[in-house]
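Just so you know, these numbers come straight off a predicted model, no measurement behind them.
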Amino acid sequence: MEKDTNIAHAKWSETSNNLSGRALVEFEDLAPGLRYTIYLELKNHGADTIVITNQPLLVAALLDASGNPVDTAATVGNGTKPIQQWAAIPNGAYIRFRVDQQGVGYPTKEHREVLLATGEKNWRLKTGQYFLKIKAIFNRLETGPDNQWIGELDLPPVTLTVTEEMFMH
């Protein structure tokens, strides 16, 4: 089986209150421009069903190959925020949902950059290797169910590589 080089994912995080998580990042060629799609995957390790929101607070950091923070970019948003929803994760099951900023304008291929946008941060990546680190925070929401999962998950970093070939298609 051929490995899909457009997808990068981290190992699962440490388990906290019977829940672990990881980020999955997929390269997306939108014809005029390029971006990374980011998914949050959550796995239930407990005996009881876990109820989570699809809109946790995400604190993201991006480092370059030398371990230095990458400067964020100013971008324009033109979309709406997804509707808040709740999901029940049964024992032994996991769920995946999208957490990147889909409404942010992405650079065209002529800019030779790939958009990465999650939480409140946006980056325009040039060729090179990067490490994305995300902390997912699930605070109690007044509008949510009584049994909602509350806690934080420090997701292991995901390695992203932007190559010249990405701009050629």
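- Within the 4.5 Å cutoff, the side chain of Ile50 has heavy atoms near those of the Asn18 side chain.
- Within the 3.5 Å criterion, the main-chain N or O of Leu155 finds no donor-acceptor partner in the side chain of Lys135.
- Val158 places none of its side-chain heavy atoms less than 4.5 Å from the side chain of Ile38.
- Shortest non-hydrogen contact noted between Pro90 and Ala88 is CD-O, 3.4 Å.
- Taken to the nearest 0.5 Å, the OG1 atom of Thr72 stands 11.5 Å off from the CD atom of Glu120.
- Each of Leu57, Ile150, Ile52 was scored for a side-chain contact (heavy atoms from CB on, under 4.5 Å) with Phe138, with one residue passing: Ile52.
- A heavy-atom distance below 4.5 Å is found between the side chains of Leu62 and Leu116.
- The main-chain N or O of Val70 is found under 3.5 Å from a side-chain atom of Trp123 such that the two form a donor-acceptor pair.
- Within the 4.5 Å cutoff, no side-chain heavy atoms of Pro56 are placed close to those of Ile137.
- Under the rule for a side-chain hydrogen bond (donor to acceptor under 3.5 Å, both in side chains), Ser13 has no partner lying at least two apart in sequence or in another chain.
- Between Ile134 and Ala23, the shortest heavy-atom contact is CD1-CB, 4.4 Å.
- Trp86 and Trp149 are not part of a single hydrophobic cluster, where members link through side-chain heavy atoms under 4.5 Å apart.
- Closest non-hydrogen pair, Asp64 versus Tyr130, comes out as CA-CD2, 4.2 Å.
- Following chains of ILVMFWY side-chain contacts shorter than 4.5 Å, one cannot reach Tyr94 starting from Tyr39, and the two form parts of different hydrophobic clusters.
- Every residue two or more places apart in sequence or in another chain that forms a side-chain hydrogen bond (donor to acceptor under 3.5 Å, both in side chains) with Glu113 is listed here: Arg124, Lys126.
- For the pair Leu115/Leu34, no side-chain contact is recorded, criterion being any heavy-atom separation below 4.5 Å from C-beta on.
- Linking Ile, Leu, Val, Met, Phe, Trp and Tyr residues whenever their side-chain heavy atoms come within less than 4.5 Å leaves Val162 and Leu63 in two separate clusters.
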Would you please test Met166 and Phe27 for side chain to side chain contact (heavy atoms under 4.5 Å, CB included) and show each step? CA-CA 9 Å; Met166 294 170 135; Phe27 175 70; 3.5 Å; yes
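- The neighbour count for Asn68 CG, taken as heavy atoms of other residues, nucleotides or ligands under 6.0 Å away, is above 12.
- Residues Thr163 and Glu165 have side chains that bring a donor and an acceptor to within less than 3.5 angstrom of each other.
- Closest heavy-atom contact between Pro145 and Val51: CG-CG1, 3.6 Å.
- For Arg96 and Glu26, the salt-bridge test fails: no basic side-chain N is under 4.0 Å from an acidic carboxylate O.
- Residues passing the side-chain hydrogen bond (donor to acceptor under 3.5 Å, both in side chains) test with Glu14, sequence neighbours excluded: none.
- Judged by distance alone, the side chain of Asp100 and the main-chain N or O of Thr37 form no donor-acceptor pair under 3.5 Å.
- Taking 4.5 Å as the limit, some side-chain heavy atom of Phe167 sits within range of a side-chain heavy atom of Thr127.
- Looking only at side-chain heavy atoms (C-beta outward), Trp12 and Glu41 come within less than 4.5 Å of each other.
- The shortest distance between side-chain heavy atoms of Lys43 and Arg22 does not fall below 4.5 Å.
- Side-chain contact annotation: Thr53 with Gln84, donor-acceptor N/O pair under 3.5 Å present.
- No continuous path of ILVMFWY side-chain contacts below 4.5 Å connects Leu24 to Val59, so the two sit in separate hydrophobic clusters.
- Checking side-chain atoms of Glu152 against main-chain N and O of Ala136 turns up no donor-acceptor pair under 3.5 Å.
- Atom NZ of Lys121 is separated from atom CG of Leu132 by 10.5 Å, given to the nearest 0.5 angstrom.
- Closest of all the heavy-atom pairs between Gln102 and Arg35 is O-NH1, 3.4 Å.
- Linking Ile, Leu, Val, Met, Phe, Trp and Tyr whenever their side-chain heavy atoms come within less than 4.5 Å puts Val25 and Ile95 in one cluster.
- Closest approach of Leu19 to Leu153, counting heavy atoms only: O-CD2, 3.5 Å.
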